[in-house]
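Only one structure is covered here, and it is reproduced in the block below.
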2 protein chains.
Amino acid sequence: MPSESELSDEFGVSRATLRTVLAKLAVNGLILRKQGDGTYINARVRDINAHLGNLWEFARIIETNGYKPTIRTLAIERKPASDMEAVSLGIEAGDELLSLTRLFYADEQPVILAKNVIPIPFFREPIEQIDGQLHIREILGRYCSQKIAFAITDIRSALISEDVSTIFEKEMNQTILELQVAFYSNQNIPLALGSNYFDDKTLRLSLVQAWS
Amino acid sequence: MPSESELSDEFGVSRATLRTVLAKLAVNGLILRKQGDGTYINARVRDINAHLGNLWEFARIIETNGYKPTIRTLAIERKPASDMEAVSLGIEAGDELLSLTRLFYADEQPVILAKNVIPIPFFREPIEQIDGQLHIREILGRYCSQKIAFAITDIRSALISEDVSTIFEKEMNQTILELQVAFYSNQNIPLALGSNYFDDKTLRLSLVQAWS
DNA sequence: AAGTGGTCTAGACCACGAC
DNA sequence: TCGTGGTCTAGACCACTTA
């Protein structure tokens with residue numbers, strides 16, 4: 001790649017500004033930087049699916065695995081919060097939640113079952129109009145005026161449960177990945193929870209870490 | 001937290017320098033920054049185990065799960081590269097590898113079985129002297145003069161295999177996490193591979209992602 | 001020796017939130 | 001309105017690689 005000076009000239013910005021951009025590419029390992037040498041594009045990382053800034057963009061993960069992603073909304077409904085959900089969300093058990101169940105397909109094969117819950121009080125608009133194709137980040141933004149600042153994910157292995165095995169058309173005794181996510185605002189308020197069942201026999205879940 | 005100006009005064013550095021430090025804390029979600037308001041410490045994230053810059057510091061993960069970590073070296077030996085290893089490492093099948101098998105304990109309970117392989121030609125020192133307590137990064141640094149620039153990890157679920165179930169003292173039919181890692185230099189040269197079997201019933205594997 | 005990225009400075013203005 | 005973080009500039013020097 002061209003040097004920092006050349007690039008900053010080309011784009012008409014200062015070198016400091018350009019460096020902040022390059023730094024963001026570097027933490028994802030998309031470019032490799034060598035002092036005294038130059039900057040190189042990392043082809044190996046370019047084709048990896050989850051860069052852990054977009055771990056929850058399932059459609060993108062499916063796509064980079066080489067499949068055509070489609071999303072089917074299985075259910076949008078109200079339901080009371082369970083004890084565990086209430087604790088995680090900092091609300092009372094029994095408080096109303098919006099529950100959103102969606103199924104992601106890789107080509108025609110169902111591969112990710114995604115269940116999300118959002119406390120009803122966050123909604124500023126009637127929940128009947130929700131577009132099931134949207135990412136949680138967009139749903140929280142559009143309908144709740146909330147912005148996700150960070151997310152904490154627990155990754156577990158599990159035996160496929162009966163309902164999931166039916167949906168995925170897999171035999172029991174198969175294992176899957178369970179991704180339990182909690183999304184928070186920059187006020188540190190829990191905004192939403194996600195329970196995701198990931199068919200890791202069909203899709204690769206790859207993460208990239210880079211060090212400076 | 002004090003404002004950027006106060007902190008830069010206190011430490012006697014420019015505000016730009018201070019901001020690069022704060023930015024690193026922010027990508028791990030350790031601090032939350034609000035324009036027009038201030039910077040806040042994120043207590044929720046502080047106690048999480050894997051910040052994905054240190055996903056492979058297993059001892060640290062065990063520690064933040066509330067256990068005392070200990071490492072036992074099961075084997076340090078030479079062995080020929082399998083076909084798959086050869087492809088991943090960009091060498092010929094049959095080329096010699098150093099194979100390092102280690103077992104991580106949480107208190108007295110074995111929880112992570114870590115197998116690593118490094119091509120023998122990388123070593124600049126006799127391999128008999130390797131300290132089994134070291135992190136791969138340190139082993140590659142000290143004995144091979146190689147620095148890890150980035151790593152790609154595949155996360156999978158699996159049924160516990162017979163040997164692992166014996167080591168972990170678990171019943172068969174249990175599931176575990178399989179973490180397949182490849183480490184690369186900033187020349188994009190594969191340096192080492194890791195196959196890690198992670199008892200996710202005992203340890204929580206948590207990841208944090210933060211957005212600006 | 002020349003060119004690269006890494007670090008740092010001392011300013012400036014803007015967007016935003018709280019008061 | 002004031003103070004915050006977000007963005008940006010135009011320079012400087014250093015550490016390092018390559019030739």
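Both backbone and side-chain heavy atoms feed into the values below; hydrogens, waters and symmetry mates do not. Each chain gets a letter, A, B and so on, in the order its sequence line appears, and its residues count up from 1.
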- prompt: So where does chain B start and stop touching DNA chain D, 5' to 3', when the test is distance under 4.0 Å to a non-hydrogen atom?
  reply: D:dG3 to D:dT7
Using distance only, find each side-chain donor-acceptor pair of residues 195-203 of chain A under 3.5 Å and give its atom names and separation, not counting sequence neighbours.
from, atom 1, to, atom 2, distance (Å)
A:S195, OG, A:Q180, OE1, 3.0
A:N196, ND2, A:L179, O, 3.2
A:D199, OD1, A:K201, N, 2.9
A:D199, OD1, A:T202, N, 3.3
A:D199, OD2, A:K170, NZ, 3.3
A:D199, OD2, A:T202, OG1, 2.5
A:D200, OD1, B:S157, OG, 3.1
A:D200, OD2, B:S157, N, 2.6
A:D200, OD2, B:S157, OG, 3.1
A:K201, NZ, A:T175, O, 3.1
A:K201, NZ, A:T175, OG1, 2.9
A:K201, NZ, B:S157, O, 3.4
A:K201, NZ, B:S157, OG, 3.4

Neighbour count above 12 (heavy atom, 6.0 Å) for A:D83 CG: no
message: Which residues pass the side-chain contact (heavy atoms from CB on, under 4.5 Å) test with A:S185, not counting sequence neighbours?
response: A:Q146, A:Q187, A:I189, A:L191
Please write out the pairs of protein N or O atoms and N or O atoms of nucleotides 17-19 of chain C separated by less than 3.5 Å, giving the distance to one decimal.
from, atom 1, to, atom 2, distance (Å)
C:dG17, O4', B:G36, O, 3.4

task: Tell me, please, which residues at least two apart from A:F104 pass ring-ring contact (aromatic ring centres under 6.0 Å, His included).
output: A:F58
query: Would you say B:K34 has more than 12 foreign heavy atoms packed within less than 6.0 Å of its NZ?
result: yes
field: N/O donor-acceptor pair under 3.5 Å between A:R44 side chain and B:N188 backbone
entry: yes
field: Sorted by number, the residues of residues 3-24 of chain B with heavy-atom contact under 4.0 Å to DNA chain C
entry: B:G12, B:V13, B:S14, B:R15, B:A16, B:T17
query: For A:R102 and A:T73, what are the C-alpha separation, side-chain angles and deciding distance, and is it a side-chain hydrogen bond (donor to acceptor under 3.5 Å, both in side chains)?
result: CA-CA 4 Å; A:R102 298 189 286 183; A:T73 305; 5.7 Å; no
statement: Between B:A182 and B:L193 the two heavy atoms that sit nearest each other are CB-CD2, 3.8 Å
field: Whole angstrom value for the distance that separates C1' of C:dC16 from CG of B:L32
entry: 17 Å
- prompt: How about B:K79: does its NZ atom have over 12 heavy atoms from other parts shown lying under 6.0 Å from it?
  reply: yes
task: Before accepting this row, confirm whether a basic side-chain N of the pair A:E108/A:K68 lies closer than 4.0 Å to the acidic partner's carboxylate O.
output: no
